[in-house]
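Report on the following structure.
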Amino acid sequence: MTEDKTEFTQVDISQFYDITEEETEQQDDGIILTPNERALYEELMVYVRQKEPERVEILESRIRDLNQLASAIARFPSLLERHDIPGGIRTPQLLIDSLIKHQNSGDTTLQLPSKATLGKGYIVSKIHTFSSLTSLSQRVGAPEKLTQALQLETITMMFTLMAEDVYLNLINDAMQPMEFRREWALALLLLWEHRNDQTIESVAPVLQSVWSARRKLAPAFGTMMGTSELLLMSIQMDEQWIQFIKQKMGEQGVSQAMEEFLFGISYEQIKHLREILKTKGIPAISRDEVSSFLGEHVKSDAGLGYRDFYALYTVRRDNARARARMKLEGPHQTLEDYFIQFVTEKNREKQSNDTFAKP
């Protein structure tokens with residue numbers, strides 16, 4: 001990277017997150033639990049000490065290990081400041097420019113900052129820890145409310161992990177407005193630096209609700225009546241999601257990505273299944289029959305766990321990237337990509353309207 005000729009003003013993280021000065025100091029010291037996570041952990045430990053006291057030291061040791069890992073990562077140069085590193089001068093602006101300009105196909109691991117790669121491993125470790133705490137909460141007979149709260153924290157962390165891929169997909173889309181790509185690149189730097197994201201925290205409950213509703217519905221494979229399932233889903237959904245459905249479902253890529261999300265199989269499999277059932281004159285089949293009709297095993301009946309959600313997301317992500325790279329028909333983005341893009345557009349519109357509304 002060449003030296004940036006413009007001066008860079010250090011980003012004040014308080015502009016992006018509603019956190020107190022005390023919490024910022026705790027994060028800088030490597031404390032890995034947010035106040036809410038700490039409260040849930042301490043509440044669970046009360047029941048663990050009563051029911052399985054032999055596990056107390058194991059859990060405390062795991063938290064110490066996570067804390068040491070977080071502290072080690074925190075010692076790497078901040079991505080939000082200017083640094084003179086062995087490879088040359090690095091600034092946030094140069095990182096953003098690099099993310100936008102370097103769009104080579106293939107794995108980007110070696111192109112990303114060390115802090116980004118290490119942080120990904122850290123968040124995976126934290127996800128596994130809170131997943132274990134959720135299971136332990138059930139085993140020791142803790143209140144259902146506590147178990148659900150621990151599960152929600154685990155799922156939210158999974159969405160944070162997913163957000164990194166979503167931002168990279170959107171940044172690499174040359175069809176997107178440059179100001180949006182820069183906004184997503186800055187969001188990605190903030191995510192890498194602090195391993196949380198304001199946008200995904202607001203979007204995660206919506207996507208989780210859609211996933212839960214999708215699981216409970218019984219899609220009519222063959223007719224692929226995604227619209228009817230969509231209407232059922234949207235009855236009690238977030239207003240932002242309803243607006244997304246109303247404004248974007250007419251776009252081919254969005255509707256195709258929604259079908260993949262709803263039915264749990266790829267665009268290519270959906271298309272092939274339609275052709276098979278049309279030829280055989282069969283109006284619709286159940287989830288259990290999909291594999292036999294396609295002649296291959298497909299995991300269309302995924303559960304509600306975060307592992308299933310993330311696994312199927314990565315399949316849709318990889319398929320979308322392959323189609324875009326090879327210029328094939330079908331969705332070139334995932335439903336999550338389209339939704340985050342929509343949220344960004346609406347936030348930008350709101351900011352513009354608020355600016356014009358000022359006297």
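Quick caveat: nothing in here was measured; it's all calculated off a predicted structure.
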Flag the pair [X] and [Y] as a salt bridge only when some basic side-chain nitrogen lies within less than 4.0 angstrom of an acidic carboxylate oxygen.
X	Y	result
Glu336	Arg317	no
Glu345	Lys350	no
Lys145	Glu43	no
Lys271	Glu275	no
Glu179	Arg182	no
Arg55	Glu52	yes
Arg49	Glu60	yes
Glu329	Arg323	no

Report task. With side chain to side chain contact (heavy atoms under 4.5 Å, CB included) as the test, would you mind laying out the steps for Lys346 and Gln243 before giving the verdict? Result -> CA-CA 10 Å; Lys346 290 306 172 185; Gln243 290 302 315; 5.6 Å; no
Hey, are the side chains of [X] and [Y] touching, using non-hydrogen atoms and a 4.5 Å cut-off?
X	Y	answer
Ser266	Arg316	no
Pro77	Arg90	yes
Phe339	Val254	no
Ile285	Leu273	yes
His83	Ile89	no
Glu37	Leu40	no
Trp241	Ser209	no
Lys126	Arg195	no

Consider side-chain contact (heavy atoms from CB on, under 4.5 Å). Of [options], which one does [X] pass it with?
X	options	answer
Arg181	Ile100, Ile96, Leu99, Asp173	Ile100
Glu164	Asn169, Ile123, Leu188, Asp197	Leu188
Leu191	Ile200, Thr160, Leu186, Leu79	Thr160

Are [X] and [Y] joined in one hydrophobic group, where the rule is that I, L, V, M, F, W and Y side chains link up if heavy atoms are under 4.5 Å apart?
X	Y	value
Tyr267	Leu328	no
Ile171	Ile340	yes
Leu152	Leu161	no
Trp192	Val124	yes
Val315	Ile265	no

Can you name the closest pair of heavy atoms from [X] and [Y] and give their distance?
X	Y	result
Thr117	Thr109	OG1-O, 3.9 Å
Ala257	Thr334	CB-C, 4.0 Å
Tyr338	His332	OH-N, 4.2 Å
Leu294	His272	CD2-CD2, 3.8 Å
Tyr122	Leu66	CE1-O, 4.1 Å
Ala70	Ile32	CB-CG2, 2.8 Å

Report task. Start with the C-alpha gap between Thr199 and Tyr167, add the side-chain angles, then the distance that decides, and say whether side chain to side chain contact (heavy atoms under 4.5 Å, CB included) holds. Result -> CA-CA 11 Å; Thr199 299; Tyr167 283 137; 3.6 Å; yes
Check: [Y] main-chain N/O paired with [X] side-chain donor or acceptor under 3.5 Å:
X	Y	value
Arg325	Ala320	no
Gln151	Gln148	no
Ser71	Asn67	yes
Thr108	Gln111	no
Ser98	Leu94	no

Drop me the distance from [X]'s [atom1] to [Y]'s [atom2], to the nearest 0.5 angstrom.
X	Y	atom1	atom2	answer
Phe180	Leu170	CZ	CG	10.5 Å
Ser292	Glu289	OG	CD	6.0 Å
Leu335	Gln256	CG	CD	12.5 Å
Gln269	Phe293	CD	CZ	15.0 Å
Ile270	Arg274	CD1	CZ	6.5 Å
Glu81	Thr91	CD	OG1	12.0 Å

Query raised in the report: Can you check side chain to side chain contact (heavy atoms under 4.5 Å, CB included) on Leu133 and Phe130, steps first, answer last?
Result: CA-CA 5 Å; Leu133 292 178; Phe130 269 75; 4.2 Å; yes
If we ignore angles and hydrogens, is there a donor and acceptor under 3.5 Å between the side chains of [X] and [Y]?
X	Y	answer
Asp337	Gln341	no
Asn196	Glu201	no
Ser78	Glu193	yes

Report task. Give the intermediate values and the outcome of side chain to side chain contact (heavy atoms under 4.5 Å, CB included) for residues Leu59 and Tyr41. Result -> CA-CA 10 Å; Leu59 293 177; Tyr41 171 73; 4.2 Å; yes
Query raised in the report: Do Arg62 and Glu57 pass the salt bridge (Lys or Arg N to Asp or Glu O under 4.0 Å) test, and can you show the C-alpha distance, the side-chain angles, and the key distance before you say yes or no?
Result: CA-CA 9 Å; Arg62 170 62 69 86; Glu57 176 55 33; over 6 Å; no
**Report entry** Phe159 and Phe309 aromatic centres sub-6.0 Å
**Finding:**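 Phe159 vs Phe309: aromatic centres under 6.0 Å.
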Report task. Look at the aromatic rings of Tyr313 and Tyr310 and report parallel, tilted or perpendicular, splitting at 30° and 60°. Result ->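 Tilted.
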